[in-house]
K.L.:
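One structure follows; several queries about it will come next.
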Amino acid sequence: LTEKEKKAREYNSDEIEILEGLEPVRKRPGMYIGSTSSQGLHHLVWEIIDNGIDEALAGFATKIDITVEKDGSVTVIDDGRGIPVDTMDKNGKSALETVFTVLHAGGKFGNGGYKVSGGLHGVGASVVNALSTNLDVTVVREGKKYYMDFDHGHVKSKIKVIGDAPEHEHGTRVHFTPDPKIFTETTEFDDKILNTRIRELAFLNKGLTLAFTDQRIANAKPTVYKY
Ligand SMILES: Cc1cc(C)cc(-c2cc(NC(=O)[C@H]3COCCO3)[nH]n2)c1
């Protein structure tokens, strides 16, 4: 086979999906997050938190922990059911991978009802993934701990079981580093912006606990919001 013939043969449906999936997001980020200024940067956190709020609205998550890590990356953890990890018959990928690599892939709403809160259970997750140099996700559900990570939205390591978990432990942890090639104004999170909106989200979702910790500050303690 000539190189040309090999290339033609390799360009199969997987390529189509990935190109369709996230390339447009990196090409026109403003279409998906409004802008690539500080406001767009913080929108990444809102998208991930919104998915945790959807899980709380569904009646499963009671707490969402948000942390700015020392290196400026962000970790968000909820105690919901955990994003499903089983393989989707549609594309042979795990539901977890699909949520982070396919645009508009999100959770169905129980009663099929229309969305009332922000996100659509995962629609924003793939956008955050596309605009991050690295994103890793850990899911604890049904007695097992699953892990996978991504590089600029592309799968870096496929889903794998990294351990067992007690039956009563469950949830999702998403950790991401915004891409400085996209967020050219700043990739530095502002804890006044974060605290203000996180407090607002706690007020809007009474009963849900949101805790914020800024690890860039020495001996930082969580600020807990609950109404
Ligand atoms: C059943 C089901 C289906 C889908 C698509 C997402 C979820 C889901 C999604 C989340 N959480 C998230 O996406 C983010 C929310 O912030 C904490 C880290 O995980 N919890 N549960 C659950």
K.L.:
Side-chain heavy atoms under 4.5 angstrom apart, residues restricted to Ile, Leu, Val, Met, Phe, Trp, Tyr: same cluster for Val224 and Val74?
P.N.:
no
K.L.:
Is Ser132 reaching over with its side chain to a backbone N or O of Leu135, donor-acceptor style, under 3.5 angstrom?
P.N.:
no
K.L.:
Check side-chain hydrogen bond (donor to acceptor under 3.5 Å, both in side chains) between Thr184 and all other residues, then give those that pass, not counting sequence neighbours.
P.N.:
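In terms of side-chain hydrogen bond (donor to acceptor under 3.5 Å, both in side chains), with neighbours along the sequence ignored, Thr184 is linked to no residue.
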K.L.:
Where is the tightest heavy-atom contact between Leu201 and Leu210, given as atom of each residue plus distance?
P.N.:
C-CD1, 3.8 Å
K.L.:
What do you reckon, is NZ of Lys206 surrounded by more than 12 foreign heavy atoms closer than 6.0 Å?
P.N.:
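Yes.
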K.L.:
Check side-chain hydrogen bond (donor to acceptor under 3.5 Å, both in side chains) between Arg141 and all other residues, then give those that pass, not counting sequence neighbours.
P.N.:
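None.
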K.L.:
Do the charged groups of Lys6 and Glu3 touch, with an N to O distance under 4.0 Å?
P.N.:
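Yes, charged N to carboxylate O under 4.0 Å.
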K.L.:
Under the ring pair (Phe, Tyr, Trp, His ring centres under 6.0 Å) definition, can you give me all pairs with a residue in residues 71-96, not counting sequence neighbours?
P.N.:
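Every candidate ring pair (Phe, Tyr, Trp, His ring centres under 6.0 Å) pair involving residues 71-96 fails, so no pair, neighbours aside, qualifies.
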K.L.:
Is Val99 reachable from Val85 through a run of hydrophobic residues whose side-chain heavy atoms are each under 4.5 Å from the next?
P.N.:
yes
K.L.:
Using 0.5 Å steps for rounding, measure from the CZ atom of Arg26 to the OH atom of Tyr32.
P.N.:
13.0 Å
K.L.:
Looking at Arg81 and Ala58, what are the two nearest heavy atoms and their distance?
P.N.:
NH2-CB, 3.8 Å
K.L.:
What pairs of residues pass the ring pair (Phe, Tyr, Trp, His ring centres under 6.0 Å) test when at least one of them lies in residues 36-79, not counting sequence neighbours?
P.N.:
His42-Phe189
K.L.:
Evaluate side chain to side chain contact (heavy atoms under 4.5 Å, CB included) for Thr172 paired with Thr138, printing each intermediate quantity in order.
P.N.:
CA-CA 6 Å; Thr172 305; Thr138 307; over 6 Å; no
K.L.:
For Lys158 and Glu97, which heavy atoms make the closest approach, and how far apart are they?
P.N.:
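Residues Lys158 and Glu97, closest heavy atoms: NZ-OE1, 3.1 Å.
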K.L.:
Could you grab the distance from atom NZ of Lys192 to atom CG of Asp190, nearest 0.5 Å is fine?
P.N.:
8.0 Å
K.L.:
When you measure from the side chain of Glu185 to the backbone N and O of Ser38, does any donor-acceptor pair fall under 3.5 Å?
P.N.:
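Answer holds: yes.
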K.L.:
Under 4.5 Å between any side-chain heavy atoms of Ser73 and His175, yes or no?
P.N.:
yes
K.L.:
Name all residues meeting the side-chain hydrogen bond (donor to acceptor under 3.5 Å, both in side chains) criterion together with Thr75; count only those two or more places apart in sequence or in a different chain, and write none if there are none.
P.N.:
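So Thr75 forms a side-chain hydrogen bond (donor to acceptor under 3.5 Å, both in side chains) with Glu69.
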K.L.:
What's the verdict on side chain to side chain contact (heavy atoms under 4.5 Å, CB included) for Val137 and Tyr147, showing C-alpha distance, side-chain angles and the deciding distance?
P.N.:
CA-CA 6 Å; Val137 55; Tyr147 176 90; over 6 Å; no
K.L.:
Taking atom NZ of Lys70 as the centre, does the number of heavy atoms from other residues, nucleotides or ligands within less than 6.0 Å exceed 12?
P.N.:
no
K.L.:
Examine distances only and state if a side-chain atom of Asp79 and a backbone atom of Lys63 form a donor-acceptor pair shorter than 3.5 Å.
P.N.:
yes
K.L.:
How close do Ile33 and Gly40 get, heavy atom to heavy atom, and via which atoms?
P.N.:
CD1-O, 3.8 Å
K.L.:
Are Ile64 and Ile53 packed together at the side-chain level, in the sense that at least one heavy-atom pair is separated by less than 4.5 angstrom?
P.N.:
yes
K.L.:
Check whether more than 12 heavy atoms from other residues, nucleotides or ligands sit under 6.0 Å from atom NZ of Lys160, and answer yes or no.
P.N.:
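Yes, because the 6.0 Å sphere around NZ of Lys160 holds more than 12 heavy atoms from other groups.
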K.L.:
Tell me every residue that passes side chain to side chain contact (heavy atoms under 4.5 Å, CB included) with Val140, counting only those two or more places apart in sequence or in another chain.
P.N.:
Lys145, Ala165, Glu169
K.L.:
List for me each residue that meets side chain to side chain contact (heavy atoms under 4.5 Å, CB included) alongside Glu5, sequence neighbours excluded, and say none if there are none.
P.N.:
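Side chain to side chain contact (heavy atoms under 4.5 Å, CB included) list for Glu5, sorted by chain: Leu1, Thr2.
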K.L.:
Can you confirm whether Ile66 sits close enough to Ile198 that some side-chain heavy atom of one is under 4.5 Å from a side-chain heavy atom of the other?
P.N.:
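Yes; the side chains approach each other to less than 4.5 Å.
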K.L.:
If only atom types and distance count, is the side chain of Asn134 paired as donor or acceptor with the main-chain N or O of Asp151 below 3.5 Å?
P.N.:
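No.
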K.L.:
List the residues meeting salt bridge (charged side-chain N to carboxylate O under 4.0 Å, His left out) with Asp136, not counting sequence neighbours, and say none if there are none.
P.N.:
Arg173
K.L.:
Just wondering, more than 12 heavy atoms not from Glu200 lying within 6.0 Å of its CD?
P.N.:
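Enclosed.
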K.L.:
Sort and list the pairs that fulfil side-chain hydrogen bond (donor to acceptor under 3.5 Å, both in side chains) and have at least one residue in residues 209-227, not counting sequence neighbours.
P.N.:
Asn195-Tyr225, Arg199-Tyr227, Asp214-Arg216
K.L.:
If the condition is side-chain hydrogen bond (donor to acceptor under 3.5 Å, both in side chains), which residues does Lys144 pass it with, not counting sequence neighbours?
P.N.:
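For Lys144, the residues satisfying side-chain hydrogen bond (donor to acceptor under 3.5 Å, both in side chains) (neighbours in sequence not counted) are Asp164.
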K.L.:
Which heavy atom of Phe150 sits nearest a heavy atom of Gly153, and at what distance?
P.N.:
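Scanning both residues, the minimum pair turns out to be CD2-O, 4.1 Å.
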K.L.:
How long is the gap from CD on Glu55 to OG1 on Thr62, to the nearest 0.5 Å?
P.N.:
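Separation between the atoms: 10.5 Å.
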K.L.:
Could you check whether any side-chain heavy atom of Phe212 comes within less than 4.5 Å of a side-chain heavy atom of Asp191, counting everything from C-beta outward?
P.N.:
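With C-beta onward as the side chain, the pair touches.
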K.L.:
Would you say Ile77 ends up clustered with Leu57 if hydrophobic residues are merged whenever their side chains have heavy atoms under 4.5 Å apart, either directly or through other cluster members?
P.N.:
no
K.L.:
In sequence, state the C-alpha distance, the side-chain angles, and the governing distance for Phe100 and Val155, and then conclude on side chain to side chain contact (heavy atoms under 4.5 Å, CB included).
P.N.:
CA-CA 9 Å; Phe100 282 95; Val155 175; over 6 Å; no
K.L.:
Can you name the side chain to side chain contact (heavy atoms under 4.5 Å, CB included) partners of Gln39, sequence neighbours left out?
P.N.:
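Testing Gln39 for side chain to side chain contact (heavy atoms under 4.5 Å, CB included), a comparison that skips the adjacent residues, returns Ser35, Ser37.
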K.L.:
Show the nearest heavy-atom pair for residues Ala130 and Leu22, with the distance to one decimal.
P.N.:
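For Ala130 versus Leu22, the nearest heavy atoms are CB-CB, 3.9 Å.
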K.L.:
With sequence neighbours left out, write down each residue that passes side chain to side chain contact (heavy atoms under 4.5 Å, CB included) with Thr133, or none if nothing qualifies.
P.N.:
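Expected list: His152, Thr177, Asp179, Pro180.
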K.L.:
Side chain to side chain contact (heavy atoms under 4.5 Å, CB included) between Ser126 and Thr101: does it pass, once the steps are laid out?
P.N.:
CA-CA 5 Å; Ser126 54; Thr101 55; over 6 Å; no
K.L.:
Without swapping roles, check the side chain of Thr187 against the backbone of Phe183 for a donor-acceptor pair under 3.5 Å.
P.N.:
no
K.L.:
Would Ile193 and Leu131 show up in the same hydrophobic cluster when neighbours are defined by side-chain heavy atoms closer than 4.5 Å?
P.N.:
yes
